[in-house]
Structures are given as structure tokens and as C-alpha cells.
Amino acid sequence: MTVRAEPFVVNLGPQHPSTHGVFRLRLTLDGERIIDADMVMGYLHRSMEKLAEERTYTQNIPFTDRTDYLAAMTGNLAYVIAVEQLCGIEPPERAQWLRTIMCELQRIASHCMAVGIFANDCGAWQTPVMHMLRDREKVLDLFEMACGARLTLNYMRIGGVSRDVPPEFMPAARKLIKELPKKLNEYEDLLLENEIIVERSRGIGVLTPEQAMANSVSGPMLRASGVAWDIRKADPYAAYDKVDFDIAVGVHGDVYDRFVVRLAEMRQSVKILEQTLDLIPDGPVHAQLPTATVQPIDQPVAPLAIRPPVGEAYGRIESPRGELGFYLVSDGSPAPFRFHIRSPSYINLTPLKLMSVGGTVADAIVILGSVDIIVGEVDR
Amino acid sequence: MDDTGTVVAFYMLSALTIVSALGVVVVRNLIHAVVFLILSFVGVAGLYITLSADFVAVTQVLIYAGAVSVLILFAIVLTPTGDRGNQETFLRLPALLLALLVAFTLGYVAIDTDWAISDREGFQQTASTIGEALLDKYVLPFEIASVLLLVAMMGAIVLVRPDSAMEGE
Amino acid sequence: MIRLAEWYDFRDLGNTVGSLLDQIRDWGAPDWVPYVVSGLIGVVAILLWTVLSVLAFIWIERRVVGLMQNRIGPNRVGPNGLLQPVADALKLLFKEPITTREADRILFWLAPIVVFVPTIVVFAVIPFGERMVLADLNVGVLFLIAVGSLNTIAIFMAGWSSNNKYALIGAMRTIAMLISYELIQVLVLLAAVLFVGSMRLGDIVAWQAGYGVWLLFLQPLGLLGYIVSGAVEMNRSPTDIAEAESEIVAGYHTEYGGIKFGFFYQAEYLAGFAIAAVIVTLYMGGWTLWGVEDWVPGWLIFLAKLYGVFFIYIWSRGTLPRLRIDQLMAFAWKFLLPLSLVNVIIIGGEKLLWQEAELSSGEALPLFAVVNWAVAVVLIVGWAWVLGHQRPERVAHRAVLTQEVGAIHFGEPAPTV
Amino acid sequence: MSVNLEHYLIVGAVLFSVGLYLALAKRNFVAVLMGIELMFNAVNLTFVAFSRFVRSPNPLDGHVFVVFVITVAAAEAATALALAVLLYRVRDTINVDRIDLLKW
């Protein structure tokens, strides 16, 4: 009979400085080792999917930036692509390019947050985060120039983009793209070879490709486990098939690789932005909505609401956290019959217990940081 | 030993030591008992200073108040909470009588015999003399003490290691 | 340099106080009065200095770390934030120091005091200036370690009595850390005392001034060991395990509110000053600066060096991430302990060589300095390599870039940085 | 009025008897150990007192003895507390009364 320290349950969250929002992780500890970890979610559940069924398709667009509030652009785009598939609308050329630019800018901003918060979870006392937020501010200024908002953008429309970018957007974007590689080199010098970060993240929370695929993980987590799967290449949308870029892939599947993959992805986004800013054509930014779907005047519901034909559609894109998809079922009325969000953060959390059992409390925090969840998207 | 400062210090420190020693006996919670024990250790260290034995006083604080007390605290934390009430065993009275008997005999012997008091003043500094004595006159006990410490350390670790084979029935 | 008249020559406050004491003796006070008065002046001076510099440094630290993170730092309260520490102190004063219902009342109340006292007592032994030391013990260095080991109990009391899971984990972690790094401190200070030959801090400063060399140049391994264990003792920079915000919320002082938490916060800063003071006295020549102390007041040089060393800790707090508790323990037992043992052996050998071979200090010391620095570099790099610092899975690398979708690259060699 | 050897010996005697009572009367094994530590302290005190007051060729031998006593006491405390933990692990109690079986 050994000294059995009876298991010791510790609650991380919901009110905890490093669980990225109201998310609770109940850890059962034997001394310092974690025996069991189960997640308690739903603190931020706003029942978006039910609310969306009472609103018309156009009124649902603002919902999509509130799910993943750190990557609102990608939220809008995924929903809008789904509706366009439903109605068979083809947005004009310039709108496609504008969507690509906006999504890549959003990826840079979101990855800045993710890498900064990860270094903060390792204990780096907010210094890396503050530097990365400075760069994120520049991206948010560009968004403010384009659509007036910084976080909940509501920029995309069904059939194109809400408005064309002002003339000073392009030079500002070019200036940002010139500065970013220098900043990224600085972060890589500071963080990549930092002894303590390497010590805290190498070999921790390892996810083999088979486990990743079995848990349907997507995004940087999947690529860190060595699987080169990127929806921008696999099922290109907007103007991604006309741009040349690489997929960043890790080789060990541990926390360090996720951090390294995110840094490499930011470089790829800069590479894409350089090409898009040169190749973007002129022209209209919003398609002409086909009249057939417009409802005659005498109907009490908003006259111009789009009424897609009966059927279903699934639009998916590569958001900074993984495969973000919208599944819409239309019954011919102006409001969707079923509005479901495939949120990558929620699904990326499934292997959390698999990864953190056996580690210590400090590892659990670092692993949770590397999954990079957004509780708004997890709880919808 | 007659300047007023040392005399006042002696009475205060010995009062502190004896009261906290009695506190260890009286108090009902074992953790409080350890705190009183640490207080008595520090009191004894103060008494050493009045005897101008500075090296021994600091070693006492370092070893007893710093290390041994933490050992005792950890032992209490690792053992069951049931026996933390500092209760007495059934042979309380005989123990009390024996303790008083010992106290009186020692006290009587202390007062009765006339010790060969020397008229020496306090030591100026003791550390270097102790060091030299340890290394030339008492070098053998010094080596044996180090071996003893090594054995005690290894013994303690082997005893407490969870997967050690020494299980009970 | 003309010596100004005794009493208003502020170069060293020592003789100012001395002349004051002679004044008292002339008034025919009994012999113990000047002794008590000088003690009183010393205590009041130290307390005043520590409180003021803690307040000053709360402000300096928040501004400096703010600048490191390209933000401004406190500038609302008072002229660009100068009254911020005072506001914090007042806030702490007015907050209700609640005691949790199940807490062990006496220990809960006693813990902040027992944390605070040893940290202040360390300053009694530190020589601030020429004759400015409160208690000139000739076991000074041992006194530093003994008092340093006392706050282990205080942290246990705080963690145990607040009856809170987080506090208990924090207390256990801190105690394990403190004990293992205390061992390193003892070995490192042993080497320093061995070389100088006396434990009295005054003698150590005089020795360094006499030979015009700082122990910093002679014992790099010792300094490395002491800086790291100093960072551990004051729970700061890469080792703030106790109140690792991202992990267990606030460590052993989770349950403390109001001025009780103020004591812990103040004790942490004081520990920082104490460690910096010991580093300056032992390794950086205390209040002497190669002769500069003849015309610049000694205590001014000492304070300048002390704040410089403390700035290094602020700097490392602003940049370095935190080590896990088991990595920190492994670092102590597997890396620092062997190194400090080797350091003691080398220094002992050099001391013997210096005395037996009757080398003059002119040739011996530079030779020893070069040898020690070379040995330090070789040992650190070699021992880190032996411990597997550069083993394959610890080498930093970048992501693999590929074009074809769906390929599995798990386990392939990655481009190193 | 001055303090001399007898005062210290009396304080030592009192401390020793309190330690003895603790060692004999307490039920918890760790409390018994605390009693033993107190007795060690009492003995140390008398050593230092003798080395301060009594005439002897080299007076500081008392201090050397105290240093040896302290090391032995520390080693003994470590082993005894390891035994306490082991006792708890095997017998599930460290109540001195219940451990009366000479073999186990």
C-alpha cells in the first residue's frame, strides 16, 4: 500500500486568467501529474443557430462576426459563400480578390494574437503579446479604413462586398506588408530559440497525424501534426486558386510545432498579399441579385429579401483556427430553415484530454494556449 | 556578564524559550505546537548570543529553525489528520513525575556544586577557532559526521520512496 | 581633496553619526545610551530607506516594464503616475483583510509578519558605507543564509493556513524550490568566503578594495549560481512559480486581501533589494569603487550599484517566460549543484596555490580570473551539452513548406533555424 | 546583579525536562520527535554555557561538540520522520499507543 495521495480536483476557470475566456477545465491531479481532464463549456452559449432561423439571410451576416470575434472576416466569408452556393450567385472578379486580401489580413491579425497569448501562457509576462498587438493594430486600422469597424466587421454581402476600398487603402496595405517580414524576423529571433520556450513546449501535447485525423482536428493544429491539409489549396474559394503560396507543416505535432506553423503561416499570408495587391482588377464589387429571387411588393416580409430555392448548401473556408463551415437548409422562405456553424475551435478541443493527461498543470495551460480556442466560437 | 543589557536579554530570552517550550506541550493543534517549537529554537539561539557564541547561534537558526522545523512540518502534513490533536498517552502522570524529578535533580546539582569558574571575558570571534579545531583536533569525528549525514540522507530517501519493495503484510 | 570639517561632511554618514555619539557621551549619559542611540538610528534609517525605495521601485518597475512592452505605464495618478504606488498602498490599507472561515486564524494572521521580518533583518548586516553597518557580525555571511531560510516556514504557514487548494500547491512548490536553491546559495557563498578568508561583510568589502579586484571577476560560476538562486528566492523573472498567474492563480497568498497582501508584496520587493545588496557587497565591491569612494559618498555608490543589479531582475522579469517547477528543480540539482561543487574545489585549490607558492597578488589574481572565466564557460557549455541541451528533440526548427495537399510529413527532419 | 553559570544550567534543566515530558507523554510520534529535539537543544545550551564559564585549556571545544550534536540531531530528525511516514504507510496510524507490537 503506497502513500496514496487521494486525487485532487482543481478547477481551471471559468474565471481564470489564462483560459482565453469563460471556459472551464476540471483537472484531476495526482500530486502534480494530471490523471483526468474534462471540459465544461457553454458559459458563452448565445443560441445563435436558433436566432438565425427568425432572421432573413442578409440580417444573419452580423451574427457571423460575433462567433469568432478575433477573425470576423473569415466568419462573414464562410456564411456568404454558403448562401451564394444556395442561390447560385457568382460575385464579380474584384470582390473575389478583395475577399482574399481581407481574409489574409485577418489571418495575420489572428495569428499575432495566438502566438502572443501562447508566449504569455508560457509565462512571458505580456511582453511578446504587447509587441504583437502593436502589429495587429495596424491590420485593424486597415479594416477600419475598409469597412468602418475594427472587430465586428460585417464587410461581406451575399454576392460581393459591402463597399469598395478607399483609395488610401492600397498604399497603406503595401506599407504594412513591407514592415511585417522585419517584425516576424524579430519575433522568430526572440521566441523561436528562446531556451525556456523550447523547454516548455517541445514534446508536450503531442498529437500524431492519425490521432489528429481521428479527432477531425483542422487548421494549424492538423498541419502541426504533419498533415498538409489546407482548404485554400484543397477546395479553393475566392481568388486562392490564382495565387501561389505554400502550406506550412510541422513535423513533431507538439505545442512548439503549432507555434512554429502559425509563424510560418503569417509569412505565407504576406506572400499572398503581395501577389493580390498587384493582380487585383477594377470593376464592380457587388453582383446584381437575380430578380427571380426578389419577392413581389405585396408580401408583408421585407420586399427585397432573398428567397433562395429549396435545398441545402455547405460553404467552408480556412479560418485561422481551422475549417470553418456553414450548413444552410432553405425552405424557400426569406429565413433559413436550418443554420449550422461548423466551428473549428469546438472540434479542435476534442483531443485536449488525450494531450494533457500525464502532463502537469503548467503543461495543460500551455496546451490549451496552443489549441488557440475562441470561446465565442466554441459555445456559439 | 554583568552589564545590564546582557542580563535583561538573558531573562527575556530564557522566559521566551521556556514559555514557548511549555506552549509546545499545552497547545491543542500540532501545527501550532511546531510554531512554538521554532520560537523556542530561536530563543535558544538568542541565549547563545548572550553567551557570545555567535557561530553556534547562527548555525542553530539555520539548521533547527530553518531545516529541521520544515522537516517536522512536512512529516505532520504527510501523516494522518486524525492524530493532530496533540493529545497525551495514558501514562501522562508518570511522565510528569519523572520529568519533574529530573528537573529537580539537575537543578540541585547545578546550584550545589561549585564550578571552576574562570574569569575570562566573552569570546571575540569563534568561527575561525571552531573551524581550526574541527579540522585538526577533531578531524576524525568530522569525517564520521559527514558519513553519518550521507547515510541518514540515503536512508530517509530509500525508506520513503513509494515503489520501494518494503511493503507491510 | 580637502577634508571638510567633520560633522557636516556627508561623504560618509558613519562619522556624522559617530560625532553625534561623542556629543552624547560629552553630556555624561551612562555608557549604554550612545549604543542604543546608534542602534536606533540604524534601524530607523534602514526602515525608512527600504520603505521609500520600495515605493520608488514599484513606480520605476511598472514604467520600465511598460516601456519594454511599448506602452506607457502608470501616468494617471499624480504627475505622470508618481503617486501610483502611494495610491496602491492606500488602496491596500482600506481594503478589508478578510479571513476565510475555515482558515487557521492564528497562523493566517501571523504569516505576513513572519514573511516580512527575516527580509528586513538581512539589511542589518549589510555595510552601506564606511562605518554604516548596523550589526557588524563576524559571521555575517552565515547570518544572511540563516535568515534567508526562515521565510520557508512563513510561506508554509501562509499556504497551509489559508485552507485553499491553490494556496497549498503554491506553498509546496515554493518550499521545494527554496530549499534546493538555498543549498546552491550556501555552496556559492562558501566559495566566496573561502577565497576572502572571513565571513565579516566589512572584511570582504575591504579585501576587494584592498586588492582592487571584484569577486565578480574571480568567481563567475559563483555569481551565476547566486543570481539564479536570488531570482528564485524572490519569486521573480523566470522563476515566479509561486504565484504563476497562468497556472495556480496567486500561489500561497491567494486568500490574503488588504494590507496582509501588501506585506507579501512588500516582502517580495525587499527580498529583491536584499539579494541585490548581497550581490553588490560580495561580488561587486560593496561601497568601494576603486578609489572613487574618497570623494563620492560610499553609500551613494552602494545604492547606485544596488539599483543597477535590481534593474537586471526587473529586465529579466519583463522578458523571460517561466520555467515549470520540475524543470526548475532539475536545473538546480542537475546543473547548478555540480557546478557550484566544482567551483568550491577550484577556488579552494587556487587559494592553496596562492598561499603555498607565495605568488604575489599582482600575478595571482589576474591568472585566477582568466582561469576561472575559462573554466566557467567550458563547464557551462559542456555540462549543458552533457545534460542533453542540444539533443535532437530540443533543437529549435522552422515549419516545412510544401505545395502538394494531403502529404504526411510527420517525423521528417525540419529546417533548423 | 550578574548572570552566571547556574542560571544557564537551570534554564537547560527546565528545557530538558519539558522535552522529556513531551517525548514520554505525547501520543503522536512526531510530537515525541519534537520532544527529542528540545532535549538536544537543552544539552547544547549547557555545553555552550560550560564553554563560556568554566576554566579549560581550549574553551571552544564546547562549541565543536555543539556543532556535532546539531549535525547528528538533523540526521536523526530526517531518519525519524522518514520512519514516521513509513509507519503511517504500513500501520495507517502514528499513534504511539497503538504501535506496541514488537514485530510486524
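All chains are named by letter (A, B, ...) in the order of the sequence lines, taking the proteins before the strands, and each is independently numbered beginning at 1.
A 6.0 Å sphere centred on NZ of C:Lys334 holds no more than 12 heavy atoms belonging to other residues, nucleotides or ligands. Shown here is C:Leu67, whose CG atom has more than 12 heavy atoms of other residues, nucleotides or ligands within 6.0 Å.
Residues C:Val405 and A:Trp229 meet the side-chain proximity criterion, which asks for heavy atoms closer than 4.5 Å. When side chains are defined from C-beta on, C:Ile408 counts as touching A:Met213, because their heavy atoms get closer than 4.5 Å. No side-chain heavy atom of A:Glu195 sits less than 4.5 Å from a side-chain heavy atom of C:Leu320.
Heavy atoms closer than 4.5 Å to chain A are found in the side chain of C:Arg71, but not in its backbone. Looking at A:Tyr256, the atoms closer than 4.5 Å to chain C (heavy atoms on both sides) all sit in the side chain, from C-beta outward. Residue contact with chain C, scored on non-hydrogen atoms closer than 4.5 Å, involves the side chain of A:Asn194 exclusively. Contacts between A:Gln268 and chain C at a heavy-atom distance below 4.5 Å involve the side chain alone, from C-beta outward. Using a 4.5 Å cut-off between heavy atoms, C:Thr402 touches chain A through backbone and side chain atoms alike. For A:Leu207, the part sitting under 4.5 Å from any heavy atom of chain C is the backbone (N, CA, C, O) and nothing else.
Heavy-atom pairs under 4.5 Å with chain C peak, among A:Leu190, A:Val129, A:Leu133, A:Val227, at A:Val227. The candidate from C:Asp326, C:Val65, C:Val400 with the greatest count of non-hydrogen atom pairs under 4.5 Å with chain A is C:Val400.
Considering every non-hydrogen atom in both C:Arg398 and A:Leu192, the closest pair reads CG-CD2, 4.1 Å. In plain terms, the two heavy atoms of C:Pro321 and A:Cys122 that are nearest each other are CB-O, 3.5 Å. Summarising the geometry of C:His409 relative to A:Ala228, their closest heavy-atom pair is CD2-CB, 4.3 Å, with the distance given to 0.1 Å. The heavy-atom pair separating A:Val260 from C:His397 by the smallest distance is CG2-O, 3.4 Å. In terms of heavy-atom proximity, A:Gly253 sits nearest to C:Phe410 at N-CE1, 4.0 Å.
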Pair A:Asp246-C:Gln403, side chain to side chain contact (heavy atoms under 4.5 Å, CB included): steps then yes or no
CA-CA 5 Å; A:Asp246 303 326; C:Gln403 285 277 358; 2.8 Å; yes
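Taking CG of C:Leu401 as the reference point, atom NZ of A:Lys271 lies at 7.5 Å (rounded to 0.5 Å). Atom NE2 of A:His131 is separated from atom CG of C:Asn70 by 5.0 Å, given to the nearest 0.5 angstrom.
Checking A:Thr360, A:Val361, A:Ile196 one by one against C:Arg324, the side chain to side chain contact (heavy atoms under 4.5 Å, CB included) holds for a single residue, A:Thr360.
Checked by atom type and distance alone, the side chain of C:Gln327 pairs as donor or acceptor with a backbone atom of A:Glu199 at under 3.5 Å.
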